[in-house]
Amino acid sequence: MTTPVKVAVTGAAGQISYSLLFRIAAGEVFGAEVPVELRLIEVDPAMRALEGVVMELDDCAFPNLVNVVTTSDLKVGFDGVNWALLIGSVPRKQGMERGDLLGVNGGIFKPQGQAIAAAAASDVRVLVVGNPCNTNCLIARENGKDVPADRWFSMMRLDQNRAMTQLARKAGKPVTTVTKMAVWGNHSATQFPDYYHAEIDGVSAPEVVADHAWLAGEFISTVQKRGAAIIEARGASSAASAANAVIDTVRSIATPTPTGDWASVGVVSRGEYGIPEGLQFGFPIRSDGSSWEVVDGLTHSVSAQRLIDVTRDELLGERAEVTELLP
Ligand SMILES: NC(=O)C1=CN([C@@H]2O[C@H](COP(=O)(O)OP(=O)(O)OC[C@H]3O[C@@H](n4cnc5c(N)ncnc54)[C@H](O)[C@@H]3O)[C@@H](O)[C@H]2O)C=CC1
Ligand SMILES: O=C([O-])CC(=O)C(=O)O
């Protein structure tokens, strides 16, 4: 039998995980034929709820779910894992920005980074979802330096997917026609969904969508503020769409990127596009299934560069706020 993929999920009793775990166990992420072991990490008060989630996983009789471990001990949870999905943290409420969560959530990611470096498999890859995800990822990565910096990712994919749907709808085309949707910078209200480089049916989006005022205005702000709009409407932050974006992100990293496209992922900056080294920054990337690279050679207009500068500065500010959590 093929060796199972071991996947750790923190916040496993939370609302994103409730949408995610069943899809992982059903084979949607690693393939229908690939056995999966889930290592579910929660804080002690949520253990009873987690037991209920495990009962439901049992009751699905998923053929490829070979083992489920539940624990609040990080070393046990991350033991031998090939993927660590760091979701567990507090979501924002109405009226907050994601960066307001740094004080309450940032501290979670230092011990998790340390435990991943100590316990995970040598090929581990880590995706941080808990907000503010880029800076939380930076904290975990800096505290888990035995794991190479290019194996730490933060989630920009929900923004990419939101942007693709908005563009497709405006153009009156199926969402599958939208490619090269880069979202630069922070997963926050300063993110820059880059319509300049996006394509619809292989044609530059600004050529297809004649309403350039909409692109520069409503399109960007709708995507930037979509998380807040969902909190306002639902009374809770996005969960099923976030879980879906986790699946898309893992697949984008672990499988080769289709020709003529890219994926938006928060990755460590090596100075690309003038972004200071070490920031965890949303870039367009291409993967060959094992390694990835930031798409190079894109040029930005003056107004696009201004937007990138704003989101860069916000991430620099967040990094300055968490220096006491960095080694
Ligand atoms: N990056 C992105 O695109 C998105 C990020 N998020 C973020 O994901 C996070 C989780 O959201 P939800 O699942 O809706 O929240 P939730 O409150 O439903 O679940 C969070 C779970 O994490 C657990 N938890 C808290 N601290 C923990 C720790 N130290 N170790 C392990 N588990 C811990 C809680 O007990 C709870 O069960 C939030 O920070 C939210 O803002 C949400 C949507 C999209
Ligand atoms: O907005 C939030 O707080 C949750 C989130 O990250 C999103 O929906 O993009």
Side-chain angles (χ1 to χ4, degrees), residues 8-21 39-53 70-78 84-116 126-137 139-140 153-163 165 183 185-191 193 222-250 264-266 280 282:
V9 180
T10 70
Q15 53 153 7
I16 295 175
S17 294
Y18 195 66
S19 285
L20 176 65
L21 297 175
R39 304 188 71 83
L40 306 180
I41 302 175
E42 259 296 352
V43 291
D44 287 326
M47 276 302 164
R48 180 77 187 124
L50 186 56
E51 275 175 34
V53 175
T70 61
T71 184
S72 58
D73 181 326
L74 295 179
K75 285 247 175 83
V76 173
F78 293 125
L85 308 176
L86 306 188
I87 300 169
S89 52
V90 176
R92 66 173 164 155
K93 307 282 180 305
Q94 205 169 334
M96 295 171 76
E97 290 298 331
R98 297 183 187 95
D100 298 337
L101 294 170
L102 205 45
V104 51
N105 284 344
I108 293 173
F109 292 86
K110 177 176 177 172
Q112 290 189 355
Q114 291 168 334
I116 288 168
V126 185
L127 174 63
V128 178
V129 177
N131 278 319
C133 62
N134 294 49
T135 299
N136 287 338
C137 186
I139 295 167
F153 305 92
S154 55
M155 195 161 92
M156 306 295 295
R157 184 52 172 262
L158 185 48
D159 308 301
Q160 175 187 324
N161 288 347
R162 288 167 172 164
T165 297
V183 181
N186 202 0
H187 172 63
S188 77
T190 67
Q191 66 182 269
T222 299
V223 178
Q224 287 176 330
K225 295 181 191 149
R226 187 67 160 188
I230 287 162
I231 292 170
E232 200 191 329
R234 226 171 71 81
S237 64
S238 54
S241 57
N244 184 66
V246 171
I247 293 168
D248 284 347
T249 305
V250 172
S264 298
V265 186
Q280 193 77 22

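Quick caveat: nothing in here was measured; it's all calculated off a predicted structure. Just so you know, residue 1 is the first one in the sequence shown, and it goes up from there. In listed order, ligands and their atoms are each counted from 1.
Considering only heavy atoms from C-beta on, T10 comes within 4.5 Å of Q112 through its side chain. Side-chain contact check for P111 versus L74: some heavy-atom pair is nearer than 4.5 Å. V129 is not listed as a side-chain neighbour of L85, based on a closest heavy-atom distance of 4.5 Å or more. The shortest distance between side-chain heavy atoms of V9 and R39 does not fall below 4.5 Å. In this structure, R162 and I230 have side chains that are in contact, with non-hydrogen atoms separated by less than 4.5 Å.
The proximity of H187 to ligand 1, defined as any non-hydrogen pair under 4.0 Å, is limited to the side chain. Proximity of R98 to ligand 2, defined as any heavy-atom pair under 4.0 Å, is confined to the side chain (atoms from C-beta onward). Contacts between N131 and ligand 2, counted as non-hydrogen atom pairs separated by less than 4.0 Å, involve the side chain only. The parts of S89 lying near ligand 1 are both backbone and side chain, judged by heavy-atom distances below 4.0 Å. The side chain of A46, and not its backbone, has at least one atom closer than 4.0 Å to an atom of ligand 1 (non-hydrogen atoms only; side chain from C-beta on). By the criterion of a heavy-atom distance under 4.0 Å, neither the backbone nor the side chain of D159 is placed next to ligand 1. Residue contacts with ligand 1 for A242 involve side-chain atoms from C-beta outward but no N, CA, C or O (heavy atoms, distance under 4.0 Å).
For the pair D159 and ligand 2, the shortest N or O to N or O distance does not fall below 3.5 Å. Distances between N or O atoms of S237 and those of ligand 2 include no value under 3.5 Å.
Judged by the shortest distance from any of its heavy atoms, I231 lies inside the 4.0 Å radius around the atoms of ligand 2. Heavy atoms of A245 come nearer than 4.0 angstrom to ligand 1 in no pair at all. Not close to ligand 2: M96, with no non-hydrogen atom less than 4.0 angstrom away. Ligand 1 lies nowhere less than 4.0 angstrom from a heavy atom belonging to A239. Residue H187 places a heavy atom less than 4.0 Å from ligand 2. Ligand 1 has at least one atom lying under 4.0 Å from a heavy atom of Q112.
Protein heavy atom nearest atom 10 (C) of ligand 1, with residue, atom name and distance: I87 O, 3.4 Å. Among protein heavy atoms, atom 18 (O) of ligand 1 sits closest to Q15 N, 2.8 Å. The protein atom (non-hydrogen) at minimum distance from atom 15 (O) of ligand 1 is P91 CG, 3.5 Å. Counting only heavy atoms of the protein, atom 31 (C) of ligand 1 lies nearest to G11 N, 3.8 Å. Taking atom 36 (C) of ligand 1 as the reference point, the nearest protein heavy-atom neighbour is E42 OE2, 3.4 Å. If you check which protein heavy atom lies closest to atom 19 (O) of ligand 1, you get G14 CA, 3.2 Å. Atom 28 (C) of ligand 1 has as its closest protein heavy atom V43 CG1, 3.6 Å.
Within ligand 1, the atoms closer than 4.0 Å to a non-hydrogen atom of A13 are 37 (O), numbered from 1 in the order shown. Every atom of ligand 2 with a heavy atom of G227 under 4.0 Å away is listed here by number and element: 1 (O), 7 (C), 8 (O). Each of the following atoms of ligand 1 lies closer than 4.0 Å to a heavy atom of C133: 1 (N). Annotation for ligand 2: atoms under 4.0 Å from non-hydrogen atoms of R92 are 1 (O), 2 (C), 3 (O). Atoms of ligand 2 found under 4.0 Å from any heavy atom of S238, numbered from 1 in the order shown, are 7 (C), 8 (O).
In this structure a side-chain-to-backbone donor-acceptor pair under 3.5 Å is missing from S237 to P91. Of the possible polar contacts, none joining the E42 side chain to the M47 backbone as a donor-acceptor pair under 3.5 Å is found. Listed for the T135 side chain is no donor-acceptor partner under 3.5 Å among the backbone atoms of C133. Proximity of a side-chain donor or acceptor of N136 to a complementary backbone N or O of V128 within less than 3.5 Å is not detected. Of the possible donor and acceptor atoms, one in the side chain of Q160 sits under 3.5 Å from a partner among the backbone N and O of S264.
Considering all non-hydrogen atoms of both residues, L102 and P132 come closest at CD1-CG, 3.4 Å.
A side-chain contact (heavy atoms from CB on, under 4.5 Å) with V90 is found for exactly one of V104, N131, I108, namely V104. Under the side-chain contact (heavy atoms from CB on, under 4.5 Å) test applied with H187, the options R157, Q280, M155, R98 reduce to a single match, R98.
Other residues, nucleotides and ligands place no more than 12 heavy atoms under 6.0 Å from the CZ atom of R48. Within 6.0 Å of the CZ atom in R92, the count of heavy atoms belonging to other residues, nucleotides or ligands exceeds 12.
Heavy-atom proximity to atom 41 (O) of ligand 1, evaluated over I108, I16, V129, N131, is greatest for N131.
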Verdict with reasoning, D159 to Q191, per side chain to side chain donor-acceptor pair (under 3.5 Å): CA-CA 9 Å; D159 308 301; Q191 66 182 269; 3.0 Å; yes
